[in-house]
Amino acid sequence: ESFTAGDILYATGSTTLAKLAKGTAAQTLKMNAGATAPEWATVAAASSEFTLLGTDTVSGSSGTISIDGHFSSDYDLYHIYMWHLRPSAADPYCQWRFNQGGSAATGSNYWWSRAGYKVGTSSNTTYHSGGRDTNFMYLHGHDLGQQTWNQIVARWIVYDPLDTTHYKNMSVECGGLNTHQSPHESMIMQLNIQAVYKSTSAVTGITVYQTENNWTEGTFRTYGIKTH
């Protein structure tokens, strides 16, 4: 019997050998259904439980960016990552809202709690604050500098946003180094925020905005964790 590189010999009896011809690229060797001989099998690629759904970036001259259209029934838990967010001029406060129907929800239905710590050039400060029945929430609750090296980063955890039975919850981590112009001090801040929007309507995304000037840059990536 002739052989080709990659062929495999296996026993069919106590004194008998047989040939299994080589398989194709990426195939896996397994035992057949009768457990009598090996065979090649093509294994389907594993699907990821954590999937990139979209990337959004700041473009043009705008103080608002909407992260929307990435939620679906395939996923019930989402992570939204933000980095390089920087204003075009100093001193804006960064705020955010839930989106409903593709637009920012502006009703006075926000309840939120915020805790964090600031290390500054002249002082250190512990923050504990929050609000109820407000129409927005602070992300970075301090004036921002516009220098190229400045940025704030954040991660939103979004819990079952398309559910129409419960109020909407998000957990947020935010922070970054900020070098201010006089009279403000340079600082590094870290904040943890728990936010609830008192509405059972589906949430379709978030809007991050400021009212003082525009965003110069910023990147957002949305990931979904599959529904089981």
Side-chain angles (χ1 to χ4, degrees), residues 53-71 78-114 116 127 129-148 150-159 161 167-181 184 187 189-199 201-223:
L53 304 177
T55 300
D56 298 271
T57 58
V58 171
S59 61
S61 298
S62 175
T64 300
I65 181 168
S66 178
I67 316 304
D68 204 274
H70 303 307
F71 300 163
Y78 299 84
H79 287 204
I80 302 174
Y81 294 89
M82 177 193 81
W83 67 96
H84 290 169
L85 188 68
R86 183 170 61 88
S88 59
D91 289 354
Y93 277 52
C94 184
Q95 301 165 349
W96 69 283
R97 291 177 168 129
F98 291 81
N99 284 2
Q100 291 185 320
S103 300
T106 58
S108 297
N109 297 317
Y110 293 96
W111 285 50
W112 52 279
S113 175
R114 182 178 63 172
Y127 286 92
S129 63
R132 62 180 181 271
D133 297 327
T134 63
N135 65 3
F136 71 91
M137 290 168 289
Y138 284 114
L139 183 61
H140 192 294
H142 248 276
D143 304 326
L144 300 175
Q146 84 279 22
Q147 293 89 342
T148 303
N150 280 339
Q151 64 166 317
I152 55 173
V153 298
R155 178 182 67 161
W156 286 259
I157 302 176
V158 187
Y159 305 95
Y167 289 162
K168 301 302 173 291
N169 280 265
M170 293 192 193
S171 302
V172 189
E173 300 168 346
C174 174
L177 180 66
N178 204 30
T179 307
H180 287 301
Q181 295 176 332
H184 305 297
M187 67 181 73
M189 290 188 68
Q190 180 268 329
L191 297 168
N192 291 293
I193 305 162
Q194 186 63 34
V196 175
Y197 190 69
K198 295 175 64 178
S199 169
S201 297
V203 164
T204 58
I206 62 172
T207 291
V208 177
Y209 71 100
Q210 50 148 313
T211 57
E212 288 83 357
N213 49 71
N214 296 317
W215 298 120
T216 296
E217 60 176 332
T219 300
F220 297 77
R221 283 190 182 155
T222 302
Y223 292 82

What are the two closest non-hydrogen atoms of [X] and [Y], and how far apart are they?
X      : Y      : value
Phe136 : Trp112 : O-NE1, 3.7 Å
Cys94  : Val208 : SG-CG1, 3.6 Å
Met82  : Ile152 : CE-O, 3.6 Å
Gln194 : Ser171 : OE1-OG, 2.6 Å
Trp215 : Gly63  : NE1-O, 3.0 Å
Gly54  : His70  : CA-CE1, 3.7 Å

Under the 3.5 angstrom rule, does the side chain of [X] hit a backbone N or O of [Y] as a donor-acceptor pair?
X      : Y      : result
Lys168 : Ser201 : yes
Ser88  : Asn214 : yes
Thr204 : Gly102 : yes

**Asked** Does one side chain, of Arg86 or Thr216, offer a donor that lies under 3.5 Å from an acceptor on the other?
**Response**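 No donor-acceptor contact under 3.5 Å links the two side chains.
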
**Message:** Checking Glu173 now: which residues fulfil side chain to side chain contact (heavy atoms under 4.5 Å, CB included) with it, not counting sequence neighbours?
**Reply:**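 Once residues adjacent in sequence are excluded, the partners of Glu173 under the side chain to side chain contact (heavy atoms under 4.5 Å, CB included) criterion are Arg155, Asn192.
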
**Message:** Ala104: which residues meet the side chain to side chain contact (heavy atoms under 4.5 Å, CB included) condition with it, sequence neighbours left out?
**Reply:**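 Side chain to side chain contact (heavy atoms under 4.5 Å, CB included) list for Ala104, sorted by chain: Arg97, Asn99, Thr207.
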
Gap between atom [atom2] of [Y] and atom [atom1] of [X] - 0.5 Å precision:
X      : Y      : atom1 : atom2 : result
Ser108 : Asp133 : OG    : CG    : 7.0 Å
Phe220 : Thr57  : CZ    : OG1   : 9.5 Å
Tyr209 : Trp96  : OH    : CH2   : 11.0 Å
Ile80  : Ile67  : CD1   : CD1   : 7.0 Å
Gln95  : Thr64  : CD    : OG1   : 10.0 Å
Leu53  : Thr222 : CG    : OG1   : 6.5 Å

**Message:** For a 4.5 angstrom cut-off between non-hydrogen side-chain atoms, does Arg221 reach Trp83?
**Reply:**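 Yes. Closest side-chain heavy atoms under 4.5 Å.
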
**Request:** Check whether any side-chain heavy atom of Pro87 sits under 4.5 Å from a side-chain heavy atom of Glu212, and report yes or no.
**Result:**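 A side-chain contact under 4.5 Å is absent here.
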
**Asked** In a check of ring pair (Phe, Tyr, Trp, His ring centres under 6.0 Å) between Phe98 and each of Phe71, Trp156, Tyr159, Tyr110, which one passes?
**Response**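 Answer to the ring pair (Phe, Tyr, Trp, His ring centres under 6.0 Å) test with Phe98 among Phe71, Trp156, Tyr159, Tyr110: Tyr110.
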
**Item:** Qualifying residues under salt bridge (Lys or Arg N to Asp or Glu O under 4.0 Å), relative to Arg132, sequence neighbours excluded
**Value:**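 Expected list: none.
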
